[in-house]
Each structure stands twice: as structure tokens, then as C-alpha cells.
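Okay, so here's the structure we're looking at.
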Amino acid sequence: MAEPVSAAIGIGANLGDRRQTIAEAVRAIGRISGVELDEVAEPVETEAVLLNEDAVPQPDFMNTVCVVQTTLTPRRLLGQLQEIETSFGRPSVAERERWAPRVLDLDLLLYSGNTVDMRDLQVPHPRMTERWFVLKPLADIAPGWVVPGTGRTVTSWLSEVEQHA
């Protein structure tokens, strides 16, 4: 059996009872075989960002991050996360509209100190260092985690994002 590694998972929702959805998603993540839940940050709330003038207004988001210990590969872990999203009623990756409101969004943010660059999986998550709603909860539970490929900690990235807000 493989040695467990740490992974960070972003959890977000902006439809329905967001806090309840996040709590249920955390429990579902903890039930994945080969995953042990380590820590969960307090959720933060942010306004939905409208990317262009044609975008449909959306409800505010609630986001958090959990850190797990896992023996699963990054691809297998992502597959399990996508199964959880589907079980909550989110359309499959092939069927969903990008930037649409979502009942649940699970992102594999970090996987130990590793980088992954595949067509359908990039770790660290490509935009995590630009997103306060990812960095803030992650900094609350893993402030010194170095984002692979950058040489900078989560706290350092959070400070930069907050300075430019």
C-alpha cells in the first residue's frame, strides 16, 4: 500500500443551503476509501464574479478548503471528487456550463509537493494563487504549505492577493 500524502481540496457552493451542502460534502470526502480527513477550514462567503456584461447574476458563494491524507493518485482522487459532485446533482464535466451557478464544486488544489499537468487535471490548481476564497481558508489550516512550482507559501500568496484587492 502506498504511503499517504497530504492533499488540499477546495469546496464551494452557491445554490441551495450552501453551508449544509459543504458540511455534507466534507462528510462524503471523509468516506472515500483511501482518504482520511485531516482539517477543514471555516467557510468564507464571497460575491459571485461576473466575467462579462452578458453573464447572468449569481448568488454569493460559500467556500472552504479541507486537507486530507490519501493513498489515492491525483487522478483517482479527482475521479472520486467528481462522483461526489454528481451525487449532489452537479452535471458531469462534459455536460456542465463553465462559470455556471453550482450546487457543489470540488477542486483538487494541492497534492503533496507534486505538480500534475494533464489535459483534465492541473495541480496545483491553475488559478488558486489568484483567488482569495481559496487562499484564505487554506492559509487558516495550512499557512506554510509551499505551492509547488512557485517556491512561495500559501500565506505569501494570500498576502499578495489581499494587497491587490
Side-chain angles (χ1 to χ4, degrees), residues 1-2 4-52 54-112 114-138 140-142 147-148:
M1 180 175 243
V5 297
S6 296
I9 300 167
I11 307 167
N14 77 332
L15 295 175
D17 185 338
R18 301 162 305 153
R19 190 170 291 277
Q20 181 66 28
T21 297
I22 288 172
E24 290 174 13
V26 167
R27 286 192 290 277
I29 291 166
R31 290 191 299 267
I32 299 171
S33 180
V35 171
E36 183 179 321
L37 198 57
D38 212 2
E39 283 193 82
V40 182
E42 283 296 314
V44 296
E45 190 166 8
T46 56
E47 290 181 12
V49 176
L50 303 179
L51 298 173
N52 61 52
D54 298 327
V56 177
Q58 296 186 33
D60 292 346
F61 275 90
M62 187 165 283
N63 294 86
T64 192
V65 172
C66 69
V67 173
V68 301
Q69 299 299 313
T70 185
T71 56
L72 301 179
T73 65
R75 180 171 300 287
R76 182 74 180 130
L77 181 55
L78 177 65
Q80 292 294 303
L81 297 176
Q82 289 172 338
E83 286 182 23
I84 292 170
E85 287 178 333
T86 301
S87 76
F88 276 75
R90 185 165 187 201
S92 70
V93 174
E95 300 170 334
R96 72 178 77 149
E97 181 182 333
R98 192 170 187 171
W99 314 119
R102 58 209 65 166
V103 66
L104 180 64
D105 185 28
L106 300 175
D107 291 319
L108 180 55
L109 303 171
L110 297 169
Y111 185 88
S112 188
N114 299 310
T115 58
V116 178
D117 190 12
M118 300 176 182
R119 182 182 54 77
D120 60 342
L121 175 61
Q122 290 82 43
V123 178
H125 190 282
R127 291 167 300 285
M128 71 171 278
T129 58
E130 303 165 9
R131 295 179 169 169
W132 180 87
F133 61 85
V134 170
L135 294 168
K136 171 61 174 131
L138 184 56
D140 288 347
I141 59 175
V147 178

#### Entry: Nearest atoms (heavy-atom pairs only) where Leu108 meets Leu121
CD2-CD1, 4.2 Å

### Query
Is the number of heavy atoms from other residues, nucleotides or ligands within 6.0 Å of CD (Glu42) greater than 12?
no

### Task
Check whether any side-chain N or O of Thr70 sits under 3.5 Å from a backbone N or O of Gly34 as a donor-acceptor pair, and report yes or no.
yes

### Heavy-atom check, side chain of Met62 versus side chain of Ile22, under 4.5 Å
yes

### Query
Backbone N or O of Pro43 within a donor-acceptor pair of the Arg19 side chain at under 3.5 Å?
no

### Query
Ignoring hydrogens and geometry, is there a side-chain-to-backbone donor-acceptor pair from Asn63 to Val44 under 3.5 Å?
no

### Query
Can you list the steps and then say if Met128 with Val147 is a side chain to side chain contact (heavy atoms under 4.5 Å, CB included)?
CA-CA 9 Å; Met128 71 171 278; Val147 178; 4.3 Å; yes

### Note, Arg18 side chain near Asp60 side chain (heavy atom, < 4.5 Å)
yes

### Task
Could you tell me whether the side chain of His125 reaches within less than 4.5 Å of the side chain of Arg131, counting heavy atoms only?
yes

### Side-chain heavy-atom pair Asp105, Ile11 within 4.5 angstrom cut-off
no

### Query
Is a side-chain N or O of Thr64 found less than 3.5 angstrom from the main chain of Ala41, in a donor-acceptor match?
yes

### Query
Does the side chain of Glu45 come within less than 4.5 Å of Phe133's, by heavy atoms?
no

### Query
What distance separates Ile9 CD1 from Tyr111 OH, expressed to the nearest 0.5 Å?
11.0 Å

### Task
Quick one: closest heavy-atom pair of Ala13 and Thr21, and the distance?
CB-CG2, 4.3 Å

### Residues in side chain to side chain donor-acceptor pair (under 3.5 Å) contact with Glu130, at least two apart in sequence or another chain
none

### Query
Is the shortest heavy-atom distance from the side chain of Leu72 to the side chain of Gln80 under 4.5 Å?
yes

### Message
Return the NZ to CG distance between Lys136 and Asp140, rounded to the nearest 0.5 Å.
### Response
3.5 Å

### Query
Counting only N and O atoms by type, is there a donor-acceptor contact under 3.5 Å from the side chain of Gln122 to the main-chain atoms of Met118?
yes

### Ion pair Arg75/Asp120, N-O distance below 4.0 Å
yes

### Query
Hey, what do you get for OG1 (Thr129) to CG (Leu135), rounding to the nearest 0.5 Å?
7.0 Å

### Query
Which value, rounded to the nearest 0.5 Å, describes the distance between Gln82 atom CD and Ile84 atom CD1?
10.5 Å

### Query
Quick one: which of Leu37, Val26, Asp38, Val5 gives a side-chain contact (heavy atoms from CB on, under 4.5 Å) with Val68?
Leu37

### Message
With rounding to the nearest 0.5 angstrom, report the CG to CZ distance, Leu109 to Arg127.
### Response
11.0 Å

### Task
Could you tell me which non-hydrogen atom of Val65 sits nearest to which non-hydrogen atom of Ala8, and how far apart they are?
CG1-CB, 4.3 Å

### Query
From Leu110 CG over to Ser6 OG, what is the distance, rounded to the nearest 0.5 angstrom?
10.0 Å

### Summary
Tightest non-hydrogen contact, residues Leu104 and Ala25, listed as CD1-CB, 3.7 Å

### Task
State, to 0.1 Å, how close Pro59 and Leu15 come at their nearest heavy-atom pair, and which atoms those are.
CG-CD2, 4.1 Å

### Message
How close do Pro124 and Pro148 get, counting heavy atoms only, and between which atoms?
### Response
CG-O, 3.5 Å

### Task
Indicate yes or no: at least one non-hydrogen side-chain atom of Val123 is less than 4.5 angstrom from one of Thr115.
no

